[in-house]
Amino acid sequence: MASQSLTEYERKRLENIKRNDEMMSSLKLHSKALQLSSSTNNKRLRNESKVYKTSPDKKPKSKTAPIVIRRSLRSQGLPPETSFQDDNFSSPTKNSPKTPPPKSILTKLGPLTMKQAYMGDDSSASDRVLIDTVKDMSDNAPLNVKSGGVVVGNEGCLDLGSMILKPENIARVMPGKILNVEFFPCKDRTMIVAGNKFGNVVFWDVESEQDEGRNDGIYLYQPHRAPVSGFSIQPFSLSKVFSSCYDGFIRLLDFEKESFDLVYSTDGTIFSLSQRPQDPNGLCFSEGNNGMVNFWDTRVGKSSSSWMLHDSRINTIDFNPENTNLMATSSTDGSACIWDLRHTDAHRPKYLKIVDHKRAVHSAYFSPTGSCLATTSLDDHVGILSGADFMNTSMVFHNNHTGRWISSFRAIWGWDDSYLFVGNMKRAVDVISTDRDITTLQSSDMSAIPCRFAVHPYKVGTLAAATSGGQIYLWTQS
DNA sequence: CACGACCTTAATCTT
DNA sequence: AAGATTCCAGGTCGTG
């Protein structure tokens, strides 16, 4: 038998590949990605985003009027499904920027130029402005470096009542469900990056949108072909953006080289991506459904260590900003853990603390000072750990039952250790304070459920809320 | 135990 | 305006 000549590892790998292929084809993922990246669709999206932004919707009804919004969102309508090109989609004859990247490039083990991945067409702004803006930001990077990676400055003085959602800060930045949204850690700029389930990555340069007329400040790319599961941008290197994908690829967008380079690929699913603060060459990500965490050295292109830390997929990885030896993981196995990377126990780190939930845990994040941890679970609770060695656990009831179409909720910390932001199924943002008070940010302009959030690391009061319909609501402090 | 059928949920698409 | 479709979650329950 041929299989007998294979090593155990090789046989397992082949099995994995076969299983993945079966899953992918059964879900018609390729076709979806291609349909999505057709230039007609693309044009529609950019138009739509503009329309949506300039007139989010007239609100004839004063209070909650979700149906109104939905009607307006599809006013342009999608052209009837054309026969989609199939997997043998031939490479484009002309290298026009509006040509979607063919599957052969997205699956190739190699670099992908920004030009190849850019989804803008002739009528949209060139991404040259974006590239130059990010390079400018990067040149000012030293200004952004703070001790311990913690925001210093006016923390703690946020008045929630002063947070507002301006109509011009609402945008449909991409199609489909947004799984991830982040701010560039840049002191004087509001640059947002988001990723969706189709493998798109979008940049929203918010100031650019306000300053320039024709340019809407939104730049859409397709560097991946499956859901984007994570980003990592280090404050000291703003021109480099790591992104991970369910299909097992991790790419590094380098604005200097203007390409999305491949840094890692695996047969498993990558569910989350993180970097230890102040470690430019290390990547940390979760892989597969067996709770594996992998530490990857990008300089050598090798794994420095990998451990099975949970019984099921790991949904988030976060490092303590004060003590970067502490790492928090959240898992579908129903637990979240804090690990001490300095101490190992039976070939894996020792856990300092375990938080048990009754169902899957979708996030575990350290507070800005590192002295608290917040967990979010499908068991309809937000856990808050505090005190010496995270001894005190407090569970706050919160409806986290998002169902299938809305990304799971993940409570994130604000600009100090006193409160958390988390989605609310009634199209609002809940603010949970550590003393268990819950207040709500509401706006009649928020026409969909905000499920994934990010806070601007330097601008207190600037909060991005992303939806499963591709919108971002950018709350700011008035 | 493994597996599949079925349910939940909201936004979008189609009729 | 209303029904159909989405679909890389995750739980439950029934069957082989």
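In the text below, chain A, chain B and the rest are named by the order of the sequence lines, each starting its count at 1.
- Comparing C/dC7, B/dT12, C/dT12 against the side chain of A/R359 picks out C/dT12 as the nearest.
- Side-chain N/O atoms of A/R225 include none lying less than 4.0 angstrom from OP1 or OP2 on C/dC8.
- In this model, the phosphate group of C/dA9 is not approached by any side-chain N or O of A/T332 to a distance below 4.0 Å at OP1 or OP2.
- Remark: C1' of B/dA10 and CE of A/M446 are 14 Å apart, rounded to the nearest angstrom.
- Side-chain contact check for A/N281 versus A/W296: every heavy-atom pair is 4.5 Å or farther apart.
- For the salt bridge (Lys or Arg N to Asp or Glu O under 4.0 Å) test, residues two or more places apart in sequence or in another chain that qualify with A/K240 are A/D254.
- The separation between A/H357 atom NE2 and C/dG10 atom P is 14 Å, rounded to whole Å.
- Here the straight-line distance linking atom CZ of A/R348 with atom CE of A/M292 works out to 14.0 Å at 0.5 Å rounding.
- Distance, A/F198 CZ to B/dT12 C1': 11 Å, rounded to whole Å.
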**Request:** Report the C-alpha separation of A/S330 and A/H362 in whole Å, then their side-chain angles, then the decisive distance to 0.1 Å, and conclude whether the side chain to side chain donor-acceptor pair (under 3.5 Å) test is met.
**Result:** CA-CA 6 Å; A/S330 65; A/H362 271 277; over 6 Å; no
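- Distance, A/N289 CG to C/dA9 C1': 11 Å, rounded to whole Å.
- Look at CD1 on A/I178: it is 18 Å from P on B/dA10, rounded to the nearest Å.
- Taking only side-chain nitrogens and oxygens, A/R313 comes nearer than 4.0 Å to OP1 or OP2 of C/dA9.
- Between A/Y264 and A/F285, the angle of the ring planes lies from 30° to 60°, which puts this pair in the tilted group.
- Between A/H381 and A/F397, the two ring planes are perpendicular [angle over 60°; tilted spans 30° to 60°].
- Separating the CG atom of A/D333 from the P atom of C/dG11 is a distance of 11 Å, rounded to the nearest angstrom.
- Between the CG atom of A/L179 and the C1' atom of C/dC7 there is a distance of 13 Å, rounded to whole Å.
- Looking at A/S331 and A/S312, their side chains never bring a donor and an acceptor atom within 3.5 Å of each other.
- The distance from atom CG of A/N180 to atom P of C/dC8 is 16 Å, rounded to the nearest whole Å.
- Of the side-chain N and O atoms in A/Y246, none sit less than 4.0 angstrom from OP1 or OP2 of C/dC7.
- Side-chain nitrogen and oxygen atoms of A/H362 include at least one within less than 4.0 Å of the OP1 or OP2 phosphate oxygen of C/dG10.
- The residue among A/K358 and A/K177 whose nearest nucleotide of DNA chain C is located toward the 5' end is A/K177.
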Tabulate protein N/O versus nucleotide N/O from nucleotides 7-9 of chain B, keeping only pairs under 3.5 Å, one per line.
from, atom 1, to, atom 2, distance (Å)
B/dT9, O2, A/R404, N, 2.3
B/dT9, N3, A/W405, NE1, 2.9

